[in-house]
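Below is one structure, written out as structure tokens, with a few remarks after it.
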Amino acid sequence: MLLVNTVRDQFDRVLEGLQKRNFVEAEGLLNQVIDLDDKRKTTQTQRDQLQAEANSISKEIGQLMREGKKEEAEKIKNKTAELKLEIKSLDEANASAEEELKALLYTIPNVPHISVPFGKSAEDNETVLEYGAIPTLFEGNLPHWELIKKYDIIDFDLGVKITGAGFPVYKGKGARLQRALINFFLDEALKAGFVEVQPPILVNEESGYATGQLPDKEGQMYHATADNLYLIPTAEVPITNLYRDVILTEEELPIKNVGYTPCFRREAGSWGAHVRGLNRLHQFDKVEIVQITHPEHSYQALEEMSTYVQGLLKKLELPYRVLRLCGGDMGFTSSLTYDMEVFSAAQGRWLEVSSVSNFETYQSNRLKLRFKDSEKKTQLAHSLNGSALALPRIVAALLENNQTPDGIMMPKVLHPYLGFEKI
RNA sequence: AGAGGAGUGGCAGAGUGGUCGAAUGCGGCGGUCUUGAAAACCGUUGUACCGCAAGGUACCGGGGGUUCGAAUCCCUCCUCCUCUGCCA
């Protein structure tokens with residue numbers, strides 16, 4: 001969430017930024033934030049003063065008791081009764097102002113970076129670059145949902161039998177392709193200096209709030225109600241939460257982590273005819289990279305992560321494009337997001353396979369993720385993350401783009417991981 | 001899962017109702033001494049909120065309560081340790 005001080009000190013910049021998201025009620029809400037914070041400050045100051053008074057009376061009583069002046073002590077005891085009542089009501093006022101303020105801040109998205117274009121939807125995203133030739137397929141080419149049946153490598157019906165729609169079963173070469181991609185992605189990340197972690201895939205409420213999935217996106221996560229735990233929609237949640245309530249030293253920055261996890265998304269209400277096959281699933285595999293950086297270096301880190309992800313796509317020989325998301329299409333918590341899309345030739349569509357974002361202090365404020373700077377002051381660090389990569393759409397594009405009448409050719413870089421060259 | 005024990009500052013570890021934001025030791029930082037280092041000695045060393053500041057307030061696992069006053073007493077939750085049980 002935004003810092004109240006940022007809202008105060010940079011009101012115009014914040015307002016202007018939020019307007020890129022077509023966040024029309026921004027001005028009113030920002031003013032409300034300041035009002036509530038003022039209210040909070042006033043009640044707290046009053047409360048603290050009364051408390052100071054009560055504390056000093058208590059000390060006095062202690063002093064008198066030690067001197068054996070019981071009667072005098074009894075006399076001034078009454079004085080505190082009134083104070084206590086006032087303090088209690090101020091405490092309540094303070095707590096409710098704080099709660100209201102927090103609830104309000106939860107509804108305000110992150111301020112877009114200066115380079116983020118205005119826009120309402122995906123159509124207004126800016127294409128930063130396109131790489132690779134769009135393949136021309138032979139007559140009689142098939143979309144991936146047909147290919148997986150033809151070669152018997154992924155079975156959706158079996159998944160329906162044991163779980164439900166959107167939970168595919170990978171078989172034979174299909175399963176090996178999954179394992180190959182995961183290992184390839186992890187190995188590449190290690191080479192690029194990321195430290196591998198293997199986090200839990202169930203997280204508690206606190207973690208969900210800290211990275212911004214709760215309270216707003218509650219319906220998107222599977223909830224294990226018996227234990228009040230959530231299945232992660234992305235490894236971003238557990239990996240970033242590793243650093244919740246942590247004060248790092250400047251030397252420890254940047255922190256670079258990579259982790260493979262399955263991801264679970266309910267995708268409530270977003271099902272439709274255009275999401276056949278692997279295009280959208282309830283469970284899928286993803287390798288995620290996370291960085292915690294010094295505020296001055298986060299945009300450089302973002303570029304590095306974007307370049308890194310593009311490197312993966314080049315090695316997989318997939319044509320791709322990079323989009324700078326417009327204000328209206330960008331995620332709630334992000335300041336700047338690049339989406340990487342690969343071209344899936346049989347469908348004739350671009351498929352999003354990665355999203356690389358800088359959250360600046362939006363997450364670290366909730367996380368209380370800080371570092372001690374060179375002047376020994378604690379300040380919020382910046383957090384970033386990106387998919388590197390999400391598997392299903394990569395698989396879709398690999399299958400569709402590389403199909404031949406004699407089978408599906410796998411990119412060279414995967415051969416040692418796969419143990420075969422063609423499906 | 002059952003029985004018992006325990007959670008205090010970066011770490012170790014005192015503290016069982018007031019003078020305790022908290023002894024002491026270690027570590028860290030600054031200094032004295034030294035050609036340099038070590039040792040020794042002196043000083044300093046948590047986080048957050050309000051305030052221009054002086055200062056004030058809160059925090060001894062989390063939450064609630066008793067009391068004029070809680071690290072200390074009570075309730076509750078969480079975590080860890082030991083034993084028993086179960087288990088990949």
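Below, read A as the first sequence line, B as the second, and so on, with proteins coming before strands; counting in each chain starts at 1.
- Base pairing annotation: U16(B) forms no Watson-Crick or G-U wobble pair, as no partner gives both donor-acceptor distances under 3.5 Å.
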Provide a list of protein-nucleic acid N or O atom pairs under 3.5 angstrom, restricted to nucleotides 17-20 of chain B.
unit_1, atom_1, unit_2, atom_2, d
G18(B), O2', R66(A), NH2, 3.1
G18(B), N2, S58(A), O, 2.8

So which protein N/O to nucleotides 86-88 of chain B N/O distances come out below 3.5 Å?
none

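- Side chains of T333(A) and N110(A): a donor-acceptor N/O pair is absent below 3.5 angstrom, by distance only.
- Distance check on atom P: A40(B) versus G46(B) gives 24 Å, rounded to whole Å.
- Comparing the C1' positions of G15(B) and A70(B) gives a spacing of 13 Å, expressed to the nearest Å.
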Between the protein and nucleotides 57-60 of chain B, which nitrogen or oxygen pairs come in under 3.5 angstrom?
unit_1, atom_1, unit_2, atom_2, d
U57(B), OP1, N55(A), ND2, 3.2
U57(B), O2', R47(A), NH2, 3.1
U57(B), O2', D48(A), OD1, 3.0

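- Rounded to an integer number of Å, the gap from K102(A) NZ to C49(B) P is 14 Å.
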Exercise for the section: Starting from the C-alpha separation in whole Å, work towards a yes-or-no answer on salt bridge (charged side-chain N to carboxylate O under 4.0 Å, His left out) for D37(A) and R40(A). Expected result: CA-CA 5 Å; D37(A) 192 50; R40(A) 203 204 89 240; 2.3 Å; yes
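- Closest heavy-atom contact between A235(A) and T261(A): CB-OG1, 3.5 Å.
- A71(B) and A22(B): their P atoms are spaced 12 Å apart (whole Å).
- Distance alone, capped at 3.5 Å, places no donor-acceptor pair between the K149(A) side chain and the I154(A) backbone.
- At whole-Å resolution of the value, CG in D37(A) and P in C49(B) are 11 Å apart.
- Around CD of E250(A), the count of heavy atoms belonging to other residues, nucleotides or ligands within 6.0 Å exceeds 12.
- In summary, R8(A) and D38(A) engage in a salt bridge, as defined by a charged side-chain N under 4.0 Å from a carboxylate O.
- A distance of about 14 Å separates the P atoms of U76(B) and G4(B), rounded to the whole Å.
- For the OP1/OP2 pair of G69(B) and a distance below 4.0 Å, the side-chain nitrogens and oxygens of K84(A) include at least one atom meeting the criterion.
- Comparing G18(B) with U24(B), their C1' atoms are spaced 23 Å from each other, to the whole Å.
- Contact detail for A192(A) and K256(A): the closest heavy-atom pair is O-NZ, 3.1 Å.
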Report each atom pair, protein N/O against N/O of nucleotides 72-79 of chain B, whose distance is under 3.5 angstrom.
none

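- When both pairing distances are held under 3.5 Å, G30(B) makes a Watson-Crick or G-U pair with C42(B).
- Across G28(B) and C83(B), the matching P atoms stand 36 Å from one another, rounded to whole Å.
- The only option from I232(A), L229(A), V237(A) that meets the side-chain contact (heavy atoms from CB on, under 4.5 Å) definition with I201(A) turns out to be I232(A).
- Under a cutoff of 6.0 Å and an axis angle of 45°, K173(A) and Y151(A) do not form a cation-pi pair.
- Listed by first then second residue, pairs satisfying ring pair (Phe, Tyr, Trp, His ring centres under 6.0 Å) with a partner in residues 356-386 of chain A read H294(A)-F371(A), not counting sequence neighbours.
- Under the 4.0 Å criterion applied to side-chain N and carboxylate O atoms, R349(A) and E341(A) are not assigned as salt-bridge partners.
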Filtered N/O pairs between nucleotides 46-48 of chain B and protein, under 3.5 Å:
unit_1, atom_1, unit_2, atom_2, d
U47(B), OP1, K372(A), NZ, 2.6
A48(B), OP1, R370(A), NH1, 3.1
A48(B), OP1, T378(A), OG1, 2.9

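- Heavy atoms of other residues, nucleotides or ligands lying less than 6.0 angstrom from NZ of K102(A) number 12 at most.
- Checking G69(B) for Watson-Crick or G-U wobble geometry (two distances, each under 3.5 Å) identifies no partner in any strand.
- Separation of the C1' atoms belonging to G64(B) and C78(B) is 15 Å when rounded to the nearest angstrom.
- Nucleotides A58(B) and G9(B) have their C1' atoms positioned 16 Å apart, rounded to a whole Å.
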